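Notes follow the structure.
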Amino acid sequence: MVDTETTATTDAPRNFIRDIVQDDLEAGRARGVVTRFPPEPNGFLHLGHAKSICLNFGIAKEFGGRCHLRFDDTNPVKEEQLFIDSIQQDVRWLGFDWGEHLYYASDYFEQLYEWAEHLVRTGNAYVDDTAADAMRTQRGTLTEPGQNSPFRYRPVEENLDLFRRMRAGEFPNGTRVLRAKIDMASGNMNLRDPVLYRILHAAHPRTGDAWSIYPTYDFAHGQSDAIEHITHSVCTLEFEDHRPLYDWLIEHLPVPSRPRQYEFARLNVTYTILSKRHLTRLVTEGHVTGWDDPRMPTIAGIRRRGVPAAALREFVSRVGVARAYSTVDVAMFESAIRDTLNPSAPRRMAVLRPLKLIIDNYPEGQTETLEARNHPDNPDAGSRPVTFGREIYVEQDDFMEHPPKKFYRLSPGKEVRLRYGYFVTCREVVKDADGQVVALRCTYDPGSKGGNAPDGRKVQATLHWVAAADALPAEIRLYAHLFSRPDPGADGDALADINPESLEVLDGALVEPALADAPVGAAVQFERTGYFAIDPDSRPGRLVFNRTVGLRDTWAKVSAKG
RNA sequence: UGGGGGAUAGUUUAGCGGUAAAACUCCCGGCUCUGACCCGGGCAUCCUUGGUUCGAAUCCAGGUCCCCCAGCCA
């Protein structure tokens, strides 16, 4: 089976961030490149994070630098060890390695606290007793300047005393904050005396009860970058407005380095939702089976679905990096998956919706072994034996009693080829009392063994099949887009746009015996059907497959057009 | 006259003053023991109006539309 654990390559295309790094290096503004991927451990990683991971690790690799994995764990009420673990697993699976450079913002809490005191001492920060709602009012609006807090000009010594007592845990949540003293009239809301520290009597996954105050993102992020000597701090566009604050803090603090922030457009994908809030709801409200449900756009879900890490990287590479807002067609992802799997996935035969086919002129009780190639374009992949017999199963979709014009599969009187087997001709349609087709009676041409007729005659179709004698039962899970419209949520609640038919379970599928002991995660192509992978739910004797992605289906388009 | 940012094919990107490139989608055709893969071909008023220039998607000026910001979230 195919090994999906591949190593990341560096064939990344050009983009504006690479250009900046390259220019900085060539101009001597930077001696090396250090980037970082800084997730908050409050959920599972998804497609959007994959873009950031590939970008940050990709740039570091391309320019011989390094990329840190840093957990931005500044809000203990939302963070869990479970997420810390899953994030590391997902980044590794994606093919990236942070080496020794695993960090946590919480590792810097003491240093950050000292820098906060530095800001207080230099008159650049103050403790504010204003309640949250009053502070909101004082902040003004997008078009009106804010009002200075009555506590803005508190003496340094009093600020210092209060800030230390905040740290000591003397005050309840929400009673005081530490604010930077910048400009309440700034057009940039982030500069209207932003909160640097808030009181939070909450246990932190890593620091436990050691702290009762926690730095905000704005105070922690840039300084953490500086501590780690990050040269290029790459984030998404919604942080653009924070850059002036990022720079202000760096300039007003005795930090050991001078990082720069650059922003790119986050990833959006049609028929998909990537906001953590919505993904969390999908899980907690039971719309999916978990964070790793194969329909989820999480790395865990994508992996379980059978998508190789290389396909994810390929997708991200094709999407590119820019500053323009965009939504990528999910078809681009599916294409990257097929392109990655096609050259490597072994071919197998599986009948999703079986229809019995009886070969009347084939000797009863007899079977024979045929040879089936594991890959059409790669002889090195070898072959495996498949059993042929009097009774086999074909796909229900491959038979039509009254075929339309361009249908060249099986129909009464029609001859087709059974892959690697014989030519068969449909002689009779067997129906039950309700008129449902339950079997086809056929004859075969003994001279066509292996799939070629002795007289050179052609058939229009080649069907996949399994032998009744040794086919294995399997459960096959077919997935459609989780949402029924390309822009879920555009008319309101995204969860209202969930596709009720995103999962179809086929209980009676039959697969060839070569699949008996395929390991979990193994990717195969079921010929003429799609790419599939063994699900973790699979058990010996009860195989479970996920359809990773279907094959391109030109016939479906033709027939849909009538 | 809040501040910040963005507009190139249906989609996502490239293009960095010399006459629009790629991938995906879609359409037409070929090949085929997978209607897959593969191979041909087709699909762009570069948001708009002016200006600079021999020459503008690229430079300048005005306009239009879209996105982000008023968490003690990140």
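So you know, we letter chains A, B, ... as the sequences are listed, proteins then strands, and number each from 1. Computed from a prediction, not measured in an experiment: that's the story for all the values here. Computed from heavy atoms alone, side chains included, the values below leave out hydrogens, waters and symmetry copies.
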If the condition is side chain to side chain donor-acceptor pair (under 3.5 Å), which residues does [X] pass it with, not counting sequence neighbours?
{"X": "Q223(A)", "result": "none"}
{"X": "K181(A)", "result": "none"}
{"X": "S212(A)", "result": "none"}
{"X": "D72(A)", "result": "H221(A)"}

Aromatic stack W555(A)/rG35(B): centroid gap under 5.5 Å, interplanar angle under 30°: yes

Is atom CD of Q147(A) surrounded by more than 12 heavy atoms (other residues, nucleotides or ligands) closer than 6.0 Å? no

I need a per-nucleotide contact map over nucleotides 20-25 of chain B, read 5' to 3'. Cutoff is protein heavy atoms under 4.0 Å; write B for the base, S for backbone only, - otherwise. ---BSS

Are the aromatic ring centres of F264(A) and F16(A) under 6.0 angstrom apart? no

Do W115(A) and F219(A) make the cut of ring centroids closer than 6.0 angstrom? no

With a 4.0 Å heavy-atom cut-off, tell me which residues in residues 69-78 of chain A come close to RNA chain B, sorted by residue number. D72(A), T74(A), N75(A), K78(A)

Can you list, in residue-number order, the parts of residues 189-202 of chain A that come under 4.0 Å of RNA chain B, counting heavy atoms only? M189(A), V195(A), R198(A)

For nucleotides 43-45 of chain B, which of its nitrogen or oxygen atoms have a protein nitrogen or oxygen under 3.5 Å away, and what is each distance?
none

Which atom pairs, donor and acceptor, lie under 3.5 Å between side-chain atoms of residues 77-84 of chain A and protein residues at least two apart or in another chain?
from: E79(A); atom 1: OE2; to: T74(A); atom 2: N; distance (Å): 3.4
from: E79(A); atom 1: OE2; to: N75(A); atom 2: N; distance (Å): 3.0
from: Q81(A); atom 1: NE2; to: D85(A); atom 2: OD1; distance (Å): 3.0

List in chain and number order the residues that pass salt bridge (Lys or Arg N to Asp or Glu O under 4.0 Å) with R266(A), two or more places apart in sequence or in another chain; answer none if no residue qualifies. E238(A)

Who are the ring-ring contact (aromatic ring centres under 6.0 Å, His included) partners of H375(A), not counting sequence neighbours? none

Partners of R384(A) by side-chain contact (heavy atoms from CB on, under 4.5 Å), sequence neighbours excluded? R348(A), M349(A), A372(A), N374(A), V386(A), E512(A), A514(A)

